[in-house]
Trainee: 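My structure is below; once you've seen it, I'll send some questions.
Just so it is clear, the values below take in all heavy atoms, side chains as well, and ignore hydrogens, waters and symmetry mates. For reference, positions follow the sequence shown, starting with 1.
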Amino acid sequence: MNVKINRLTPQARIPTRSNGTDAGYDLYAAADGRIDGKRRDIVNTGICIAIPEGYYGRIAPRSGLAVKHGIDVLAGVVDSGYRGEVGVVLQNLSYMDFEYKEGDRIAQLIIEKCHGVTWEEVETEKDLVSSERGEGGFGSSGN
């Protein structure tokens with residue numbers, strides 16, 4: 001699949017994979033910055049992309065940042081029609097400030113198939129197809 005990409009600045013980095021079998025393409029910070037403890041911020045990547053119709057980009061956390069620094073990703077969807085700069089919403093779950101430098105890997109982008117659906121409204125809950133789980137919600141499937 002070809003995905004068109006535009007670097008907004010010369011130092012912006014095109015997403016890369018460390019291994020050919022990796023699902024995610026690393027996204028890089030376009031500038032130095034800091035996220036104070038227990039705060040969130042948008043980290044710019046310096047790139048614009050054109051994801052093909054029928055797909056979307058899911059921005060996911062990097063496991064190393066999560067384990068070592070308590071950094072998570074929020075609001076991680078890039079729609080196929082979006083043409084602006086890709087920004088990554090990072091949440092610092094730690095009490096310590098998190099500093100990053102231009103070129104640091106901050107998240108990963110996974111391109112996924114997006115299925116269109118036709119919603120078929122039914123009259124009652126009984127009109128839904130039954131399942132083994134039924135109405136069991138949070139914590140209902142085990143310990």
Trainee: Return yes if some donor-acceptor pair links the side-chain N/O of Lys38 with the main-chain N/O of Leu93 below 3.5 Å, else return no.
Mentor: yes
Trainee: Would you find a donor on one side and an acceptor on the other, under 3.5 Å apart, between the side chain of Thr45 and the backbone of Val86?
Mentor: yes
Trainee: Quick one: pull up CG in Asp72 and CZ in Arg40 and give me the separation to the nearest 0.5 Å.
Mentor: 12.0 Å
Trainee: With the 4.5 Å side-chain cut-off for hydrophobic clustering, are Val73 and Tyr82 part of the same group?
Mentor: yes
Trainee: Please answer: with hydrophobic residues joined when any side-chain heavy atoms are less than 4.5 Å apart, are Val88 and Ile110 in the same cluster?
Mentor: no
Trainee: Among Ile35, Val89, Leu90, which residue satisfies the side chain to side chain contact (heavy atoms under 4.5 Å, CB included) criterion with Ile42?
Mentor: Val89
Trainee: Hey, what do you get for CD (Glu112) to CD1 (Ile51), rounding to the nearest 0.5 Å?
Mentor: 10.0 Å
Trainee: Got a second to check how far Thr16's OG1 is from Leu109's CG, nearest 0.5 Å?
Mentor: 11.5 Å
Trainee: Does Gly24 offer a backbone N or O that forms a donor-acceptor pair with the side chain of Asp22 under 3.5 Å?
Mentor: no
Trainee: As an exercise, state the distance from CD1 of Ile49 to CG of Asn6, rounded to the nearest 0.5 Å.
Mentor: 11.5 Å
Trainee: For residues Asp32 and Glu102, report the shortest heavy-atom separation together with the two atoms involved.
Mentor: OD1-N, 2.7 Å
Trainee: Just by distance, do the side chain of Asn92 and the backbone of Arg39 share a donor-acceptor pair under 3.5 Å?
Mentor: no
Trainee: If you measure from CD on Glu120 to CG on Leu128, what distance do you get to the nearest 0.5 Å?
Mentor: 10.0 Å
Trainee: For Pro61, is there any backbone N or O sitting under 3.5 Å from a side-chain donor or acceptor partner on Gln108?
Mentor: yes
Trainee: Enter the distance from Ile71:CD1 to Arg62:CZ here, rounded to the nearest 0.5 Å.
Mentor: 12.0 Å
Trainee: If hydrophobic clusters are built by linking Ile, Leu, Val, Met, Phe, Trp and Tyr wherever their side-chain heavy atoms come under 4.5 Å apart, do Ile5 and Leu27 end up in the same one?
Mentor: yes
Trainee: Taking all heavy atoms of Gly46 and all of Ala12, pick out the closest pair and write down the distance.
Mentor: O-CB, 3.3 Å
Trainee: Looking at Pro15 and Tyr25, what are the two nearest heavy atoms and their distance?
Mentor: CB-CB, 3.7 Å
Trainee: Is there a side-chain contact between Val78 and Ile59 in this structure, where contact means two heavy atoms from C-beta onward sitting under 4.5 Å apart?
Mentor: yes
Trainee: Shortest non-hydrogen contact from Pro52 to Val3?
Mentor: CD-CG2, 4.0 Å
Trainee: Is it the case that over 12 heavy atoms from other parts of the model lie below 6.0 angstrom from the NZ atom of Lys126?
Mentor: no
Trainee: What is the minimum heavy-atom distance between Ala31 and Tyr100, and which atoms define it?
Mentor: O-CE1, 3.3 Å
Trainee: How far apart are the closest heavy atoms of Cys48 and Glu85, and which atoms are they?
Mentor: SG-N, 3.6 Å
